[in-house]
Amino acid sequence: MKADKCLNCFYQADGINSLNDELGDGFPHQCVQANFKKGEIIFKENALSSNIIYLQKGLVKLTKEGIQRTQILNIRKAPCYLGLPTTMGDKINHYSAIAMEDSTACFVDISVFRRLLNKNPDFSYDIIVELCRNELGQFERCVKLVQNQIYGRLAGNLLYFSEEIYDSDDYIIPFNRSELADLVCTSRETISRLLSELTEDNIISLKGKHIKILNKSILQKISEKG
DNA sequence: GCATTAACCACAG
DNA sequence: CTGTGGTTAATGC
C-alpha cells in the first residue's frame, strides 16, 4: 500500500461541501489517501482500529473468520464508507476488508470523524441513513441465507452483482468458485454444479468468470422461491 | 421405502 | 482452480 496525502476524499464528495472548513483551524486536512492492489488487506479482523475509511474507488469484500471457514459478509462498491460499525462499535475490528480490484481509500482518524459528526447534522444524518440501509440489507440477507435453498441464494447473488455492482447483465464475477461458496454459505462443489445447471437450462451463459444473464425473470423467480 | 438436497472426498484436466 | 463422479446423511413425501 502506498500512502499519499488525500486529494479527493469524502470532504469533497457527495455534495458535502464545507466539511473541511468546519473542522476549524485546529484541524487541518487530516486524512490520508492510500492505494491498494487487488487482494491487499485494507484492515484486518482483530486488529486495533482507529480510522474511518472512505472508499473512493474500487471494490472491497468484507470477511469474517468462522469456525469452519471464512465467511464473506458483504461486497462494497465505491463510493462508500468502510469500517463504520467495526471502528465505532468496538476498539477491535470484527471483520476484515480486502480489495477485490485496485482501490483507493481515504483514512480519517476517528476523533476527526467524531468532530465532523458533532459539527454537521446533515452529515451525521447521511451517515445514519447509510448505516440503516446496511442494516436492512443485512436483515434481508440473513433471512434469505437461512430460509432459501442454495439454488435461490446463488441466483440472488448473481442478480445482486448484476444490479448493484455492475449495472449490467453481462459481467465478470469478482470471485472464484470457492469464494462464491463462502459468500453463499455452501461448498465449492455445489457452486460448480449449480452454475453448470443454470448454464444447461440457458438461464445464464458462462465462460470462466464471464457471465451473461440470459433469462433474468427466471433467475428472479429462483432467487425468490429458492 | 424413495426422492431430493447438499456435503465431503477423490481425482483429472 | 474447476468440474465431475461416488458416497453418505438428513429430510420430506
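Within every chain, numbering begins at 1; the chains are lettered A, B, ... in the order of the sequence lines, protein sequences first and strands thereafter. A quick note: this is a predicted structure, and the numbers were derived from the prediction, not measured.
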Spacing of A:Gln147 atom CD relative to C:dT11 atom P, expressed in whole Å: 17 Å
DNA chain B: 5'-proximal contact among A:Arg188 and A:Leu194 (nearest heavy atom): A:Leu194
Grab the CG-C1' distance between A:Asp182 and C:dC1 for me, whole Å please. 14 Å
Please report the distance, rounded to the nearest Å, between NZ in A:Lys209 and C1' in C:dT2. 11 Å
If I take atom CD in residue A:Gln149 and atom P in nucleotide B:dA7, what distance separates them, rounded to the nearest angstrom? 11 Å
A:Thr190 side-chain N/O to B:dA7 phosphate OP1/OP2 under 4.0 Å: yes
May I have the distance from A:Glu189 (atom CD) to C:dA9 (atom C1'), rounded to whole angstrom? 16 Å
Ion pair A:Arg76/A:Glu130, N-O distance below 4.0 Å: yes
Measure CZ/A:Arg69 against P/B:dA6 and give the value in whole Å, please. 14 Å
Remember a base hit wins even if backbone is also touched, and classify A:Ser192 as base, sugar-phosphate or nothing at under 4.0 Å, heavy atoms. base
Atom CD of A:Gln68 and atom P of B:dC8 are separated, to the nearest Å, by 7 Å
Do A:Thr87 and A:Ser49 get their side chains close enough for a donor-acceptor pair, meaning under 3.5 Å? yes
Can you confirm whether the side chains of A:Ser217 and A:Asn215 place a donor and an acceptor under 3.5 Å from each other? yes
Within less than 4.0 Å of OP1 or OP2 of C:dT4, is there a side-chain N or O belonging to A:Ser196? yes
What is the separation between atom CG on A:Leu195 and atom P on C:dT2, rounded to the nearest whole Å? 10 Å
Quick one: do A:Asp169 and A:Lys212 make a salt bridge, cutoff under 4.0 Å? no
